[in-house]
Structures are given as C-alpha cells and as structure tokens.
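One structure is given here, and the rest of the page talks about it.
Note that the structure is predicted; figures quoted are calculated from it, not measured.
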Amino acid sequence: ELENTLIVLSGDNGLPFPRCKATLYDTGTKVPLVVHWPGNISGGRRVTDFVSLTDLAPTFLEAAGDRIPPQMTGRSLLPILKSSQSGRVQNTRNHTLLGMERHVYPYPSRALRNDQFLYIRNYQPRKWPTGEPQGPTPEIDFTDGSWPKFPGAFSYNIDPSPTKQLLLDQRDDPQIKPFFESACGQHPSEELYDLSLDPGQLQNVSEDKTYGKQLQILRDQLTSELQASGDHRVQVSTSAASAQLSRPNILFIAMDDLNDWIGCMGGHPQTITPNLDRLAKSSILFTNAHCPAPACNPSRSAIMTGISPHKSGLYDNGQQMREVMPDAELMPKTLTRNGYYSSGSGKLLHYFIDADSWEEYYPEAKGENPFPRTLYPDQRPLSLPRGGPWQYVETDWGPLDATDDEFGGDYLVSKWIGEQLRIERSRPFYLACGIYRPHEPWFVPAKYFEPFPLESIQLPPGYKSDDLD
C-alpha cells in the first residue's frame with residue numbers, strides 16, 4: 001500500500017521572530033516541501049521550481065482523479081512529480097507571488113520572488129499601525145501560560161518573545177536601533193533585494209539607480225500577474241484547470257512553524273532531522289516552496305481550501321475561518337464526496353478542527369480541540385529567565401522526566417496516524433497529520449535534549465552574553 005501512498009511534508013510559515021513570521025521575506029515565507037510517492041514518481045531529486053503551498057490542494061485532487069474547482073488559484077504539481085528531472089523542471093515556474101494583508105494589524109503588501117530578486121510592494125506604508133499602547137510598557141504576568149491579549153502584545157505584527165523584548169527596551173541604544181528599525185520601522189512603498197549579494201534580504205536597493213531597469217520589470221510583472229489572478233488590490237479574476245490520474249492514497253504531514261532550517265535544506269548546522277532527510281533523499285525536494293501567507297490561520301486555511309488569502313480575505317490569525325469563508329469546502333470533505341476516506345489528527349487548521357469536514361479525527365472532532373493530552377511542567381517558566389513584561393512564557397523550554405507516551409502531544413498524533421496506516425480500507429484514504437512542533441514551547445522528554453549539551457550549542461553571530469540583562 002505504501003507504493004500508492006502520496007506523502008507530503010511541509011510547514012505553514014516561517015520563524016516566530018522579528019522580521020520573520022508575518023513578513024514577505026524568506027524567513028517568513030520559505031518552507032520545506034517533501035513529496036514521496038514511491039510507486040509513481042522518481043525520488044532522490046532536488047527541484048528548484050518555485051511553488052506555493054496553495055498548489056497542494058489541486059495536486060491532491062488531480063492525483064485522486066477529481067475535478068479541480070475553478071476557484072482554486074494553485075497549480076497542480078503532478079507534471080513535476082511525474083517527470084524524472086531535477087533542478088528547474090518547468091521553466092514557467094521561475095518565480096512565485098506572495099501576499100500579506102494583516103497578521104494582527106493590517107499592512108497590505110504583495111511580493112514577487114524569483115532566483116535573482118525579491119520585490120515587495122507595500123500598499124499603505126505610511127499607515128503602519130504599530131499597535132504599541134500609549135504610556136509605559138504594561139506589566140503583564142505570562143507565567144499562567146495563556147495566550148497574550150493585552151494591548152500591544154503583538155505590536156508591529158511580531159509575536160511576543162525575549163528577542164522582541166530586547167528590541168523594544170533598547171531601541172534607543174545606537175547598537176540596537178538599526179535592528180529595531182529593520183524589524184519594527186516603517187517600510188518604504190517598494191523594496192528590492194539582490195539575492196546574489198544579499199541572501200538575507202537586509203539591504204533594500206529599490207532606490208539604487210543601478211537597479212532601475214530591473215525594478216521596473218518586476219514592478220510591471222507583479223502588477224500584471226496580480227491583475228490576471230484577480231487580486232482585490234487590482235480587481236480582476238482568473239480560474240484554474242483540471243485533469244485526471246489514478247487515485248492514490250494521500251498522506252499529508254504539516255509541521256507548525258517549520259522553516260527551512262532542516263538537514264536536507266542545509267539549514268542550521270546542528271539541526272538533526274535524519275528521518276526527514278531520508279524521506280527527502282528518496283523524494284522530490286522543492287527548494288523554492290513558499291507558504292500562501294506568513295501566518296498560521298491564512299496559510300492553513302489556504303492550504304486546506306486551495307483558496308489564496310487575496311481571494312478569501314482571510315489574512316489574520318484573529319479571524320474565524322467559518323465567518324470569512326462560511327461555504328468553503330475543505331479538502332477532506334471534497335475528497336470524501338469523491339470516494340475517499342478522510343481522517344486527520346493534530347493541528348491542521350488554526351486551533352480548531354472543523355468537525356463536519358472529517359470522517360474521523362483524533363482527538364474526537366466534536367470537541368474542536370486538535371491537541372491530544374500533552375505534559376507540561378507544573379511551574380512555568382522553567383528555563384527562560386524573566387526578561388521583562390514583553391516576555392511570552394510559551395517561548396520556554398526544558399527536558400521532561402517522561403517517556404514519549406507520558407509526554408503525549410505529537411507522539412500520540414504520530415502513533416494514531418501510524419495505526420491508521422495499518423488499517424485495510426476498501427476506499428483510498430486522505431490522512432492528514434498535524435505536528436505541533438517546532439512551535440513553542442519546547443518541552444519534550446529529556447532524551448531529546450541529551451544529544452545537545454548546552455555548552456555545545458552554536459550561538460548566532462554577534463550574540464552578546466548580556467543581551468537580555
């Protein structure tokens with residue numbers, strides 16, 4: 001049965017740090033994408049075609065032999081999967097479009113990313129709603145573990161963290177101010193980054209006359225493609241195509257906040273991901289995959305519906321998907337209507353399940369809580385020093401004196417998924433596995449900390465021992 005099981009692994013958006021998540025830079029949008037289908041595609045390939053995770057929904061439908069609804073904006077990846085080539089398989093996939101309307105606060109922008117450049121257009125740069133409250137920084141106790149809701153918690157569209165705390169508290173320090181401005185400052189109407197010279201996308205060259213011709217080309221291309229796609233900023237519409245193939249099983253694995261810092265993508269040198277690397281080695285590894293939006297709710301909603309945020313209007317983690325898209329049909333429901341058995345476990349949507357879309361779910365779908373029991377320390381924070389009122393307890397970490405089963409969490413999700421894979425079914429299946437880590441907090445059984453003695457951890461360049469003092 002494995003020979004006819006389509007396995008897909010990816011993330012939803014980038015790192016939850018300043019100038020990362022909720023931005024259109026690679027640290028906010030670039031994700032791994034691994035596709036494994038041993039009986040149908042040639043593995044051991046690395047593909048550089050630009051793809052969007054919105055392409056997954058039409059890919060699943062085409063692989064299942066179902067019609068691709070015209071409202072879907074993604075393009076099926078099956079032609080790439082079915083080829084035997086590495087590198088750039090389809091010459092037309094030489095760029096991708098990216099979009100942002102809001103995270104917590106609105107900041108509409110669109111981007112075009114190709115091999116040479118990242119071009120960003122910010123539509124309301126002078127209306128940057130920082131979200132900072134008036135008066136002194138509020139003294140909030142985060143040790144209860146609840147999601148911060150006080151005014152200013154997500155100012156500048158950045159999740160609370162010690163890194164953000166440092167930037168805010170020391171913004172007037174001449175050494176810190178450039179980093180504060182880079183993450184929290186007002187953006188210009190256009191940004192252009194030369195990736196050959198600036199892969200980190202830190203030096204905006206949009207006003208450098210040397211790049212004038214290239215800037216105009218990218219500006220025109222973005223406008224034209226937004227019009228063709230029906231983006232509400234230019235108000236035109238489009239549709240997608242359909243095709244038929246045999247009906248495979250589909251295993252979709254989604255990992256929360258998984259950026260491209262993994263072994264097979266040449267990420268952090270201490271990242272150890274042997275199973276993911278082994279899967280990638282025998283699969284097609286897309287090295288230019290990007291999420292539909294750099295935040296959980298819009299990205300996951302787009303993945304599960306095949307409808308991009310610029311079509312749905314869902315850009316904010318605070319929005320309710322069923323209020324924005326009351327009639328949207330999720331992928332498991334569509335596949336069930338077409339003869340599949342659809343089941344799932346873990347975080348696949350933004351902290352809810354949408355019970356009516358699934359035939360079976362673990363934990364039980366009617367509770368709308370996608371998380372199984374998970375062990376947490378009795379007292380928190382455990383390892384994170386109290387850095388100030390902006391500190392968010394969820395960025396804490398520590399080893400737990402527990403077995404995998406006692407810990408629960410992702411282990412129970414994976415265990416349930418494994419049990420489902422062993423069940424003989426008369427119908428092809430769509431099985432979705434939502435892994436919550438590397439989303440914070442990082443509490444896991446002690447055995448997972450043992451390979452990484454604290455003194456062996458490689459700190460980022462420029463780190464100062466008194467940064468959080």
Over all heavy atoms of both residues, which pair between [X] and [Y] is shortest? Give the atoms and the distance, please.
X: Leu61; Y: Pro69; result: CD1-CD, 3.5 Å
X: Leu24; Y: Arg110; result: CD1-C, 3.8 Å
X: Asp49; Y: Phe286; result: O-CD2, 4.0 Å

Do [X] and [Y] have ring centres separated by under 6.0 Å?
X: Phe117; Y: Tyr193; result: no
X: Tyr107; Y: His187; result: yes
X: Tyr340; Y: Phe429; result: no

Mind jotting down which residue pairs meet the salt bridge (Lys or Arg N to Asp or Glu O under 4.0 Å) criterion with at least one end in residues 312-329? Sequence neighbours excluded, please.
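Residue pairs with at least one partner in residues 312-329: Arg102-Asp316, Arg322-Asp354, Glu329-Arg337.
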
Between [X] and [Y], is any pair of side-chain heavy atoms under 4.5 Å apart?
X: Tyr362; Y: Pro372; answer: yes
X: Ile41; Y: Val35; answer: yes
X: Val34; Y: Val8; answer: no
X: Tyr430; Y: Trp358; answer: yes
X: Val104; Y: Asn317; answer: no
X: Met331; Y: Leu56; answer: no

Pair [X]-[Y], side-chain donor/acceptor within less than 3.5 Å:
X: Glu101; Y: His310; answer: no
X: Asn297; Y: Gln319; answer: no
X: Asp55; Y: Thr59; answer: no
X: Thr48; Y: Thr287; answer: no
X: Arg19; Y: Ser182; answer: yes
X: Thr130; Y: Ser155; answer: no
X: Arg121; Y: Thr223; answer: yes
X: Ser196; Y: Asp194; answer: yes
X: Tyr156; Y: Glu132; answer: yes

Do Lys177 and Phe179 meet the cation-pi criteria used here (NZ or CZ under 6.0 Å from the six-membered ring centre, within 45° of the axis)?
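Verdict for Phe179: no cation-pi partner in Lys177.
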
Could you tell me whether [X] and [Y] make a salt bridge, using a distance below 4.0 angstrom between a side-chain N and a carboxylate O?
X: Lys164; Y: Asp159; answer: no
X: Asp12; Y: Lys21; answer: no
X: Asp231; Y: Lys311; answer: no

Using modelled atom types and a 3.5 Å cut-off, is there a donor and acceptor pairing between side-chain atoms of Ser414 and backbone atoms of Asp410?
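It does hold such a pair.
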
Could you walk me through whether Leu400 and Val444 pass side-chain contact (heavy atoms from CB on, under 4.5 Å), step by step?
CA-CA 6 Å; Leu400 301 176; Val444 294; 5.9 Å; no

Is it the case that more than 12 heavy atoms not belonging to Trp442 sit under 6.0 Å from its CH2 atom?
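Counting neighbours around CH2 of Trp442, more than 12 heavy atoms of other residues, nucleotides or ligands fall under 6.0 Å, so yes.
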
